[in-house]
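Throughout, numbering of the chain's residues begins at 1 and tracks the sequence. Every heavy atom of this structure was used, including side-chain atoms; hydrogens, water molecules and symmetry mates were not. Each ligand, and each atom within it, is numbered from 1 in the order the structure gives.
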Amino acid sequence: MAVYGWIGLGNMGGPMTANLVAAGHQVKGYDLNPDACIAAKERGVEIAGSIAEAVQGSDAVFTMLPKGEHVRAVYEGENGIWAHAGADTLLLDSSTVDIETSRFCHEGSSARGLKFVDAPVSGGISGAAAATLAFMVGGLEEHTAEAVGHIEPMAGKTIVAGAATAGIAAKICNNMMLFIDLMASAEGSQLAEKLGLDPKVFWEIASVSSGRSWAQQTWYPVPGVIDSAAANNNFDATFRVDLARKDVGLALDAGEMTGVKLPAATLAREHFDALIAEGLGGKDCSLIVKNVSPDGTVAGYTQEKK
Ligand code: NAD
């Protein structure tokens, strides 16, 4: 049995920690949101009163937080991870962050004699629940080798991407592809419906045809077609619009840095920005389907009263 510290028990951290507990490990979780703590406790996570409590005595500490600023905040300072981690503790950040934040974590850890790897994931909350996430890991070889064992109870596949920040670079490129694919499912699903196709029949056709993608298989934005779609639950978030906007923004920043032209990713950003401007940043990113409907209404979505 290993002991884990875990910071961030949200949509992803919740089910990921449940899988560590199910594998027989002790997990000390910390989150600012009391509801997330209650849900995690029901799944066997011990709730820590502070970051220090979660970190001290742990074999490894995972962070699974919204953005780079949150990750930096929990690492730094006298109450942060760096102040309380031991030299034997492996630190893993599984959040999707910018490359600079990941480099900050690598360099800050190394300067303190601590072990850090970037270890972002792909697979959504369904993959987190089913322990089939793809982990992409970056760091020193001896640290990435150690990381693989800690990750195993949550992963379908772990790939060492390379040196420091290679995992997060892979994640940024992957998610850009995901959101471009999501636009295809949004447009395809609505056009199919207006052309009189039964949504389930069309989804089955696309599933064995060239329209197939992970977004189409997992997030198809029409209710009653696949169980994992947010469309079945009024587009309550499995992956929030504002986080999707963040991820596409990270790719566009990297495009600017490298000179690669990214018109499709630019369009995805416009979709997410439009939803955020309507106050829908907390809904599921597959709600971009609303932007392609002729009158802005969409099956499975009823606007909540504000
Ligand atoms: P989420 O918003 O559901 O969960 C994040 C949790 O972090 C929240 O419970 C929040 O209260 C907590 N938190 C924020 N600041 C904190 C702090 N300072 N200390 C302690 N807790 C704090 O987000 P999520 O969907 O679980 O995503 C987490 C990360 O994983 C993001 O970077 C996201 O981009 C990435 N990701 C998400 C998915 C997905 O499908 N949801 C898939 C792959 C990767």
Side-chain angles (χ1 to χ4, degrees), residues 5-19 28-41 43 45 47-55 61-77 79-81 84 92-99 101-102 105 118-136 151 154-156 167-168 170-179 182 214-215 217-219 228-230 235-251 272 281-286:
W6 194 288
I7 320 294
L9 299 164
N11 284 324
M12 293 296 288
M16 290 168 81
T17 48
N19 285 321
K28 297 183 287 172
Y30 177 77
D31 197 295
L32 298 177
N33 177 352
D35 291 340
C37 292
I38 291 166
K41 197 172 173 191
R43 292 158 154 159
V45 172
I47 301 306
S50 64
I51 291 174
E53 212 180 289
V55 169
V61 175
F62 284 85
T63 37
M64 195 50 172
L65 296 162
K67 298 182 182 171
E69 68 215 54
H70 305 106
V71 174
R72 287 173 187 248
V74 301
Y75 267 92
E76 286 181 303
N79 300 318
I81 293 173
H84 297 281
L92 306 95
D93 182 33
S94 289
S95 327
T96 306
V97 299
D98 51 291
I99 289 175
T101 292
S102 189
C105 293
D118 50 301
V121 303
S122 179
I125 61 166
S126 48
T132 56
L133 291 170
F135 277 76
M136 36 214 105
I151 285 168
M154 302 175 282
I168 201 66
K171 173 65 183 168
I172 289 170
C173 297
N174 176 79
N175 275 30
M176 182 187 78
M177 291 161 70
L178 162 67
F179 295 121
L182 180 62
W214 187 94
Q217 288 286 296
T218 317
W219 286 352
S228 51
F235 290 85
D236 285 349
T238 72
F239 196 125
R240 295 163 56 103
V241 171
D242 52 9
L243 291 183
R245 165 65 178 81
K246 171 203 65 169
D247 287 3
V248 173
L250 297 177
F272 298 135
K283 297 298 281 184
D284 192 73
C285 58
S286 62

In the protein, which heavy atom is nearest to [atom], and how far is it?
atom: atom 26 (O) of ligand 1; result: Met12 N, 2.8 Å
atom: atom 41 (N) of ligand 1; result: Thr238 O, 3.0 Å
atom: atom 12 (C) of ligand 1; result: Asp31 OD2, 3.2 Å
atom: atom 25 (O) of ligand 1; result: Asn11 CB, 3.5 Å
atom: atom 43 (C) of ligand 1; result: Val121 O, 3.5 Å
atom: atom 19 (N) of ligand 1; result: Leu32 CG, 3.6 Å
atom: atom 40 (O) of ligand 1; result: Phe239 CD1, 3.0 Å
atom: atom 4 (O) of ligand 1; result: Gly10 CA, 3.3 Å

Using side-chain heavy atoms (C-beta onward) and a distance below 4.5 Å, is [X] in contact with [Y]?
X: Met12; Y: Ile125; value: yes
X: Val45; Y: Trp6; value: no
X: Pro15; Y: Arg43; value: yes
X: Val121; Y: Met154; value: no
X: Ile51; Y: His84; value: no

Mark up the atoms of ligand 1 that fall under 4.0 Å of a heavy atom belonging to [X], in ascending order.
X: Ser95; answer: 32 (O)
X: Asn33; answer: 11 (O)
X: Ile125; answer: 40 (O)
X: Lys246; answer: 31 (C), 32 (O), 33 (C), 34 (O)
X: Ile7; answer: 20 (C)
X: Tyr30; answer: 19 (N), 20 (C)
X: Gly8; answer: 7 (O)

Check: Thr96 N/O within less than 3.5 Å of ligand 1 N/O: yes
State whether the side chain of [X] and the backbone N or O of [Y] hold a donor-acceptor pair below 3.5 Å, judged by distance alone.
X: Asp284; Y: Thr238; answer: yes
X: Lys41; Y: Ile47; answer: no
X: Asp118; Y: Ser102; answer: no
X: Thr218; Y: Ala215; answer: no
X: Asn11; Y: Phe239; answer: no

Ala73 near ligand 1 by a heavy-atom separation under 4.0 Å: no
Structural part of [X] in contact with ligand 1, heavy atom criterion under 4.0 angstrom:
X: Lys171; value: side chain
X: Lys67; value: neither
X: Val74; value: side chain
X: Ile51; value: neither

The one among Leu250, Leu65, Leu243 that brings a heavy atom closest to atom 32 (O) of ligand 1: Leu65
Heavy-atom proximity to atom 30 (O) of ligand 1, best of Met64, Met16, Arg240: Met64
With sequence neighbours excluded, residues passing side-chain contact (heavy atoms from CB on, under 4.5 Å) with Arg240: Ala237, Asp242, Leu243
Considering only distance and modelled atom types, tabulate donor-acceptor pairs under 3.5 Å from the side chains of residues 67-76, sequence neighbours left out.
residue, atom, partner, partner atom, Å
His70, ND1, Lys67, N, 3.0
Arg72, NE, Thr101, OG1, 3.0
Arg72, NH2, Thr101, OG1, 3.4

side-chain contact (heavy atoms from CB on, under 4.5 Å) between Leu250 and Asp98, worked out: CA-CA 6 Å; Leu250 297 177; Asp98 51 291; 3.5 Å; yes
Contact summary for Glu53 and Ala48, nearest pair of heavy atoms: OE2-CA, 3.4 Å
